[in-house]
Colleague: 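Have a look at the structure that comes next, please.
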Protein chains: 2
Amino acid sequence: MAVSFRQLRESAPGVFGDGCPTRTVLDHVMSKWGVLVLMALTDGTARWGELKRTVDGVSEKMLASTLRTLVDDGLVARVSYPEVPPRVEYSLTARGEELMARMMPLMAWIGDNADDILAR
Amino acid sequence: MAVSFRQLRESAPGVFGDGCPTRTVLDHVMSKWGVLVLMALTDGTARWGELKRTVDGVSEKMLASTLRTLVDDGLVARVSYPEVPPRVEYSLTARGEELMARMMPLMAWIGDNADDILAR
DNA sequence: CCGTATCCTCAAAGATACTG
DNA sequence: CAGTATCTTTGAGGATACGG
């Protein structure tokens, strides 16, 4: 394997310790709705209503709080147009694209193997 | 980007829909303690006590249930030696290694960027 | 159309004690 | 050493109604 947990920890002591920044970011991007929203945005810019439809099962409350967290983290950009009716567009930032470039291979593998994994 | 959410969904319709197998596996491997246990095992075989020390902050209850889930999913192997005192060793299966080969680059990136992300 | 505000529930997770 | 059993807590998340 290219990199181990030990190597990660030794490259930056304290990383992945209880309550450290890495754990916080981990909770944001690996959260149930966080991953799904980020994945939906790999399709490109999307409006609120699109996201609500694409991210199957998400409540308005969770979509709102998930998006706010990801915007605060600088992973998602929010652009609101002063029109009537309102239009708001979400997209990945450059940083978000970097993250998803690393996450999508993992998601593809999970998609390919999920059935096998649960067939036990 | 190499692969998008749309491509994933079109390659296997229903994947990532609410309640589908992919969501379940996602919840297992992306869970707070799931990732950390899996990461700890990228260092190689580890005993229960080692895992409890390495995975900072995990309770015995959560370590037990997390390990049981991962063993059931065929991602982690459990070998118990009939000795006194008992010795039990956990390690990644071939399938677990495949998963972590795709997850560690993501973890490395998060480790590198966590401070920046939260400094806003 | 795009959210926010409020209330409420229940299951995940912690604490503690105990055992093969 | 490697867990299990039991009880309690808490906050993530759902439902609903309303506002800009």
Side-chain angles (χ1 to χ4, degrees), chain A residues 16-20 23-41 44-73 76-91, chain B residues 16-20 23-38 40-41 43-73 76-91:
Chain A
F16 295 103
D18 196 7
C20 75
R23 286 274 185 101
T24 304
V25 174
L26 215 50
D27 286 346
H28 293 180
V29 306
M30 311 280 275
S31 72
K32 177 181 176 66
W33 300 119
V35 278
L36 295 171
V37 166
L38 287 167
M39 285 178 70
L41 291 176
T45 297
R47 301 180 59 174
W48 165 276
E50 287 181 85
L51 287 175
K52 185 150 169 38
R53 263 174 282 115
T54 307
V55 180
D56 195 18
V58 72
S59 68
E60 295 193 341
K61 177 186 173 181
M62 290 317 296
L63 182 56
S65 86
T66 300
L67 280 170
R68 210 175 318 111
T69 300
L70 296 176
V71 169
D72 285 350
D73 287 348
V76 169
R78 177 188 189 276
V79 180
S80 108
Y81 299 88
E83 305 170 355
V84 178
R87 179 165 58 103
V88 180
E89 290 185 345
Y90 294 93
S91 57
Chain B
F16 295 102
D18 196 6
C20 74
R23 286 273 185 103
T24 305
V25 173
L26 214 51
D27 286 345
H28 292 180
V29 307
M30 310 280 276
S31 72
K32 177 181 176 63
W33 300 118
V35 277
L36 294 171
V37 166
L38 287 167
L41 291 176
D43 288 341
T45 297
R47 302 180 58 174
W48 165 275
E50 286 181 86
L51 287 175
K52 184 150 169 39
R53 262 174 281 116
T54 306
V55 181
D56 195 19
V58 72
S59 69
E60 296 192 341
K61 176 185 173 181
M62 290 317 297
L63 182 56
S65 87
T66 300
L67 280 170
R68 211 174 315 112
T69 300
L70 295 175
V71 169
D72 285 350
D73 287 349
V76 169
R78 178 189 189 276
V79 181
S80 107
Y81 298 88
E83 304 171 354
V84 178
R87 181 165 58 102
V88 180
E89 291 186 345
Y90 294 92
S91 58

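The basis for the numbers below is simple: all heavy atoms, side chains too, and nothing from hydrogens, waters or symmetry mates. As the structure is a prediction and not an experimental result, all values here were calculated from the model. Proteins come first, then strands; the chains are lettered A, B, ... in the order of their sequence lines, and each starts at number 1.
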Colleague: Which part of the nucleic acid, if any, lies within contact of B/Y81, taking any heavy atom under 4.0 Å across all strands shown: a base, the sugar-phosphate backbone alone, or nothing?
Modeller: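 Counting heavy atoms under 4.0 Å across all strands, no contact is made by B/Y81.
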Colleague: If every non-hydrogen atom of A/F16 is compared with every non-hydrogen atom of A/L26, which pair is closest and at what distance?
Modeller: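 Taking A/F16 first and A/L26 second, the nearest heavy atoms are CE2-CD2, 4.2 Å.
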Colleague: Just to verify, which of A/T54, A/L63, A/T69 counts as forming a side-chain contact (heavy atoms from CB on, under 4.5 Å) with A/V37?
Modeller: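 The side-chain contact (heavy atoms from CB on, under 4.5 Å) with A/V37 is passed solely by A/L63 among A/T54, A/L63, A/T69.
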Colleague: What pair of heavy atoms forms the shortest contact from B/W48 to B/E60, and how long is it?
Modeller: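 Here B/W48 and B/E60 meet closest at CH2-O, 3.7 Å.
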Colleague: Within residues 44-56 of chain A, which residues have any heavy atom lying less than 4.0 Å from an atom of DNA chain C?
Modeller: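 A/R47, A/W48, A/G49, in order of number.
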Colleague: Which nucleotide span of DNA chain D, 5' end to 3' end, has atoms closer than 4.0 Å to non-hydrogen atoms of chain B?
Modeller: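 Span of nucleotides near chain B: D/dC1 to D/dT4.
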Colleague: For B/L41 and B/L70: C-alpha separation, side-chain torsions, deciding distance, then whether side chain to side chain contact (heavy atoms under 4.5 Å, CB included) applies.
Modeller: CA-CA 12 Å; B/L41 291 176; B/L70 295 175; 6.0 Å; no
Colleague: Using the test side chain to side chain contact (heavy atoms under 4.5 Å, CB included), find all partners of B/V88 that sit at least two apart in sequence or belong to another chain.
Modeller: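 If we apply the side chain to side chain contact (heavy atoms under 4.5 Å, CB included) test to B/V88, skipping adjacent residues, the hits are B/R78, B/S80, B/Y90.
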Colleague: Does the side chain to side chain contact (heavy atoms under 4.5 Å, CB included) test come out yes or no for B/D73 and B/V25, once each step is laid out?
Modeller: CA-CA 8 Å; B/D73 287 349; B/V25 173; 5.5 Å; no
Colleague: Once you round to the nearest 0.5 Å, how far does OG of B/S91 lie from CG of B/D43?
Modeller: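 One finds 12.5 Å between OG of B/S91 and CG of B/D43.
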Colleague: Enter the inter-axis angle for the ends of the helix from C/dC1-D/dG20 to C/dG20-D/dC1 (five pairs per end, rounded to 10°).
Modeller: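 The end-segment axes of the helix from C/dC1-D/dG20 to C/dG20-D/dC1 are tilted 60° relative to each other.
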Colleague: Which pair of non-hydrogen atoms, one from B/D18 and one from A/D56, has the smallest distance, and what is that distance?
Modeller: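 The answer is N-OD2, 2.9 Å.
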Colleague: Only counting residues at least two apart or in another chain, list the ones meeting side chain to side chain contact (heavy atoms under 4.5 Å, CB included) with B/R53.
Modeller: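 Per chain and number, B/R53 pairs via side chain to side chain contact (heavy atoms under 4.5 Å, CB included) with B/E50.
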Colleague: Write down the atom of B/Y81, the atom of B/E89, and the distance for their closest heavy-atom approach.
Modeller: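 Closest pair (atom of B/Y81, atom of B/E89, distance): OH-OE1, 3.3 Å.
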Colleague: Ignoring backbone atoms, establish whether A/R78 has a side-chain N or O less than 4.0 Å from OP1 or OP2 of C/dC2.
Modeller: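 Negative; the distance criterion is not met.
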Colleague: What do the steps show when you test B/L36 against B/T66 for side chain to side chain contact (heavy atoms under 4.5 Å, CB included), and what is the final call?
Modeller: CA-CA 10 Å; B/L36 294 171; B/T66 300; over 6 Å; no
Colleague: If you take all heavy atoms of B/V55 and A/R23, which pair is closest and at what distance?
Modeller: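 Closest approach of B/V55 to A/R23, heavy atoms only: C-NH2, 4.4 Å.
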Colleague: When you measure from the side-chain N and O atoms of A/R68 to the phosphate of C/dT4, is any distance below 4.0 Å, counting only OP1 and OP2?
Modeller: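 So the side-chain polar atoms of A/R68 do come within 4.0 Å of the phosphate oxygens OP1 or OP2 of C/dT4, strictly under.
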Colleague: Where along nucleotides 8-20 of chain C does protein come under 4.0 Å, by heavy atom, of base (B) or sugar-phosphate alone (S), with - for untouched nucleotides?
Modeller: -----BBB-B--B
